Every structure is written in C-alpha cells, then in structure tokens.
Amino acid sequence: MFRSLYSRLLALFLAVLIVAMGTLTFFMYDRIREDKVNERLTELTNQARDVAQLAAQRSLYSTRSADQYMIWKSQEITKEYDAYLIIVDRYRNVIPIGDETLVDAGGMTLDETFTYLGRVLAGETIHDRALTNSGNVVFTVGAPYIENGRVLGAVFIHTSEQSVEASYREILQEVFRALILAATVGAVLILIASRYFTEPMRQMAAAAEKFSRGDFSQRVEVHSRDEVGLLAESFNSMAEDLDRLEQTRREFVANVSHELRSPLTSMQGFLGGMMDGTIPENERDKYMQIVWDETKRLNKLITTLLDLSHIESGKTPLVRTRFDVNEMICRVMVRQEQRIDEKNLNVEIDFQNETCFVDADADRIEQVLVNLIDNAIKYGREDGGTIAVRTREEGNQVRVIVADDGPQIPPDDLPQIFDRFYKVDKAHTTGKGTGLGLAIVKSIIDQHGKRIQAFSDEKETRFEFTLDKG
C-alpha cells in the first residue's frame with residue numbers, strides 16, 4: 001500500500017496533520033471549558049451577591065414589594081442559568097423564593113449545602129466544584145448577606161456540570177467544524193504538495209528506466225532551488241554526461257573500427273595480390289615492407305590503447321621524483337631534431353629560469369612532452385613555421401606551455417580535443433596520428449591531480465599544463 005514515496009509522504013503528512021489537529025482540539029477543549037466554567041462561576045457569584053444584597057434590604061425593610069422583587073430576581077436567575085438558588089439564614093432556615101422550598105438543589109442536598117455555610121457566615125464568598133453523594137458534579141457559589149456589619153445569612157447558587165457544559169458545547173461544535181474544515185483544506189494542500197515534491201522523483205525514475213534501455217535524451221523539469229531541485233539539476237547534468245559518453249562511445253567504436261580496418265584492408269589486399277600473382281615477384285619486397293609498416297602501425301595503436309586503459313584504471317601508479325623539467329624538454333627536442341629539420345621548423349625555447357624542478361612521475365611527464373611536441377610538429381605550419389616550448393614558475397606550481405603556429409582549431413572542436421580518437425580532421429587523414437595522443441596526455445595530467453588546457457587563435461595553438469614545484 002505504501003510502496004511509493006508519494007504514498008508514504010502522503011500518509012506521513014496526514015498522520016502529522018491528524019495528530020496536530022487532535023492535540024489542538026484537546027487543548028482548545030480544555031481551555032474553552034476552563035474559561036467558560038470560570039466565566040459561569042463569576043457570573044453566578046455576581047448574581048449571588050445581588051440576591052444577597054436584596055436579602056439584606058429585605059431584612060431591613062420587610063415589605064411585600066421587597067419580597068416579591070427578591071423572589072422574582074431569584075427565579076430569573078434559576079431560569080437563565082438553569083440553576084438552583086437557596087437563601088439560608090444564620091439559623092439554617094431556608095427562605096422560600098417560590099411556591100416550593102428547594103430541598104434537593106441539583107442533586108446537592110441541604111446538608112451538603114450547609115457544609116459551606118460556616119465559611120459564608122464568616123463573611124467569605126465561595127465558589128467550588130463538588131461531587132455530591134449521588135455522584136453528580138455540581139458547581140456551587142455562595143455569598144453572605146450582611147446587615148450593619150453582621151452576617152445574617154447566605155445565598156447559594158448550584159448548577160450542574162451538564163448545564164455548564166451546555167454553555168460551551170455550541171462553541172466547541174463551531175471550533176470542531178472549523179478544525180474539520182482546516183483539516184480538509186490541509187489534506188488537500190498536503191495532497192498537492194506531496195505530488196509537487198515527488199513529481200521530479202517520478203520523472204527521474206521514469207528517465208532512469210529509459211536510461212537502462214539506452215535512451216539518454218530524457219530530462220527532469222526543475223521548479224525549485226531546494227534539495228529536490230538541486231537533485232533534479234544534478235540528474236540532468238548526469239543525463240547530459242551519459243548522453244555525451246554514449247556519443248563518445250559510439251564515435252570511439254567507429255574510430256577504432258576505422259583505424260583497424262584501414263591497415264588490415266591494405267595488408268589483406270597486398271598479401272592477396274602476392275598470393276594470386278597479381279603483384280610481380282620483383283615488387284614483392286616493396287609491398288612486404290608496406291605490410292610490415294602497417295603491422296607496426298597496428299601494434300602501436302593497440303599498445304597506445306592499452307597504455308591509455310592502464311593509466312585511466314590506475315593500474316600504473318605514479319612514481320614521483322624531483323627532476324628538472326627544462327632538461328627533459330631539451331632531451332625530447334633533441335630526439336625530434338630530424339623531424340623538425342625535415343619540416344624546416346623554427347624552435348623557440350623560453351625558460352623563465354635555467355633550471356625548473358618539479359615533483360612528478362618523470363616517465364609519465366616525458367610521455368606528455370613527447371606527445372605534445374609530436375602534435376606541434378605534425379600540425380605546425382609547413383616550411384618556416386615555429387614551435388615554442390615555455391616554462392613559468394607560478395608560486396608553488398610550474399606551468400609548461402607547448403605552442404605551434406599551425407591552423408587554428410575551431411572553437412567548437414576545442415572542448416573535445418582531449419577525447420579519444422577525436423580529430424579536427426574528420427577525414428582521418430593517414431599519417432596524422434590515431435587521435436589518442438592528447439587523450440593520454442590528459443589522463444596523465446589528471447592522474448597528477450592537475451589540469452591541462454588548449455587554446456587556439458589565428459596566431460598560435462598552445463597547450464598549457466601545470467605541475468607541482470619540486
């Protein structure tokens with residue numbers, strides 16, 4: 001029944017609402033009851049004092065009109081408050097206020113009433129809640145009537161608990177109806193709020209289901225900046241990354257297939273030509289050399305892929321040492337001297353200081369430099385172009401820059417320049433590499449916890465990475 005988050009949230013909110021409304025009803029009932037009881041006792045006390053004053057005047061001026069007014073007043077009180085009024089003199093004689101003398105005031109006998117007489121005759125005004133011998137709860141007020149400073153008797157007014165309850169029962173009914181209305185409105189709002197809060201999660205669940213089938217185009221609508229909204233934004237970001245990763249995977253498969261198919265097709269054709277006699281005997285050495293070169297290219301491709309896989313999987317941990325990166329750059333440039341001369345390139349070496357020590361894995365950083373310089377030579381401007389290598393010390397870091405003045409990399413291609421098999425030359429021109437060199441470079445720099453960036457404009461294309469200063 002409560003398997004979904006929506007149903008659990010709805011049940012929880014409704015339970016909290018019911019408990020809150022129940023608690024509020026209990027305290028409101030208790031408070032209203034107490035206020036109405038105190039209010040009724042105060043009113044009855046005032047009425048008892050008024051009758052006591054009339055009784056005192058009656059004792060001074062025993063006239064028929066005074067007796068009639070006192071009786072009328074007493075009867076009005078009994079009718080208005082559904083109460084029992086008793087006037088007693090100091091000798092415990094009950095003064096009649098009607099045709100009958102009350103001997104059982106709302107379940108409270110005269111003997112029980114007389115238990116309060118001593119206190120009232122002492123000049124005290126009382127109000128009390130008592131349980132009678134018959135089991136009834138009776139509220140009692142008593143006021144003395146005094147003549148010339150002398151207490152002559154007492155006026156008692158009794159009212160049952162039921163009559164007091166009747167005075168606030170209607171109020172409680174109104175309050176109860178208001179609470180029911182509030183609870184209904186609250187339940188509707190909770191229903192809407194629960195659906196609002198869980199809608200992004202339902203969308204994410206539906207999108208995740210489509211992700212499992214390879215559809216990464218789904219996105220979740222973001223309506224807020226709270227935790228759920230941030231989760232939805234993170235989910236959308238993850239979806240974009242997955243979509244981009246899936247696209248990269250497809251391109252990777254296509255590129256690997258292309259890189260493997262080309263040399264294999266070439267070798268198959270040459271070997272087939274030699275086997276069926278299409279290639280003359282005297283030319284076989286030439287084509288065998290081509291096949292040999294293609295096998296070396298395949299081996300290099302596979303080795304590079306394995307290196308990249310090992311680096312990214314962490315199977316080749318870093319061996320950090322302190323070494324002079326300037327000296328390493330010079331060694332790499334010397335090894336590339338023949339290729340530089342073949343393309344008639346100019347070389348600019350710009351070191352801020354003669355020596356520049358860094359803390360890194362020397363073999364891995366040499367591989368980075370080889371790939372970046374090889375990339376600059378391949379894509380640099382032919383015949384008279386320039387490649388430049390610079391180092392700069394910046395606080396506790398060293399920045400290494402490798403640049404060439406070859407064609408500008410389009411701005412749309414720069415974000416993908418470090419992806420596997422990505423080439424600005426979409427035709428995959430033979431001799432321009434496999435598209436894995438820069439991917440390896442980025443993986444190595446990432447493994448060092450640093451960052452590499454590519455910049456390109458009309459003047460130059462440069463790659464910049466940082467290392468810890470040694």
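Values in this document were obtained by computation on a predicted structure and should not be read as measured data.
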ask   = Under the side-chain hydrogen bond (donor to acceptor under 3.5 Å, both in side chains) test, which residues partner Asn375, sequence neighbours left out?
value = none

ask   = Salt bridge or not for Glu464 and Arg462, using N-O below 4.0 Å?
value = yes

ask   = Salt bridge between Arg49 and Glu43, side-chain N to carboxylate O under 4.0 Å?
value = no

message = My understanding is that only residues two or more places apart in sequence, or in another chain, count here; which of them pass ring-ring contact (aromatic ring centres under 6.0 Å, His included) with Tyr69?
response = Trp72

inquiry  = Between Ile401 and Thr391, does the side-chain contact (heavy atoms from CB on, under 4.5 Å) criterion hold? Intermediate values first, please.
reply    = CA-CA 6 Å; Ile401 303 167; Thr391 59; over 6 Å; no

Minimum-distance pair of heavy atoms, taken over all atoms of [X] and [Y]:
X      : Y      : value
Pro144 : Ala52  : O-CB, 3.4 Å
Phe323 : Met328 : CE1-CE, 3.5 Å
Tyr145 : Ile95  : OH-CD1, 3.6 Å
Arg392 : Phe351 : NH1-C, 4.4 Å

message = Taking the side chain as everything from C-beta on, heavy atoms only, tell me whether Asp350 gets closer than 4.5 Å to Val389.
response = no

inquiry  = If you count every heavy atom of other residues, nucleotides or ligands that lies below 6.0 Å from Glu458 atom CD, does the total exceed 12?
reply    = no

query = Does a sphere of radius 6.0 Å around CD in Glu354 hold more than 12 heavy atoms from other residues, nucleotides or ligands, not counting ones at 6.0 Å or beyond?
reply = no

Under a plain distance cut-off of 3.5 Å, with no hydrogens placed, do [Y] and [X] share a side-chain donor-acceptor pair?
X      : Y      : result
Asp404 : Thr461 : no
Asp468 : Gln397 : no
His158 : Thr140 : yes

Pair His127-Phe139, side-chain contact (heavy atoms from CB on, under 4.5 Å): steps then yes or no = CA-CA 7 Å; His127 49 81; Phe139 293 94; over 6 Å; no

inquiry  = Give me each pair satisfying salt bridge (Lys or Arg N to Asp or Glu O under 4.0 Å) with a member in residues 72-84, each pair once, sequence neighbours excluded.
reply    = none

task = Indicate the ring-plane relationship of Tyr116 and Phe156, choosing parallel, tilted or perpendicular according to the 30° and 60° boundaries.
result = tilted

task = Please report the C-alpha distance between Asn353 and Glu393 in whole Å, then the side-chain angles of each, then the deciding distance to 0.1 Å, and finally whether the side chain to side chain donor-acceptor pair (under 3.5 Å) criterion is met.
result = CA-CA 8 Å; Asn353 298 309; Glu393 295 184 16; 3.0 Å; yes

request  = Output yes when a side-chain donor or acceptor of Arg320 lies under 3.5 Å from a complementary backbone atom of Asp359, and no otherwise.
outcome  = yes

ask   = Between CD of Gln453 and CZ of Phe465, what distance do you get to the nearest 0.5 Å?
value = 12.5 Å

task = Nearest 0.5 Å please: distance from the CD1 atom of Ile445 over to the CG atom of Leu438.
result = 11.5 Å

task = With side-chain contact (heavy atoms from CB on, under 4.5 Å) as the test, would you mind laying out the steps for Leu369 and Val400 before giving the verdict?
result = CA-CA 9 Å; Leu369 291 170; Val400 180; 4.1 Å; yes

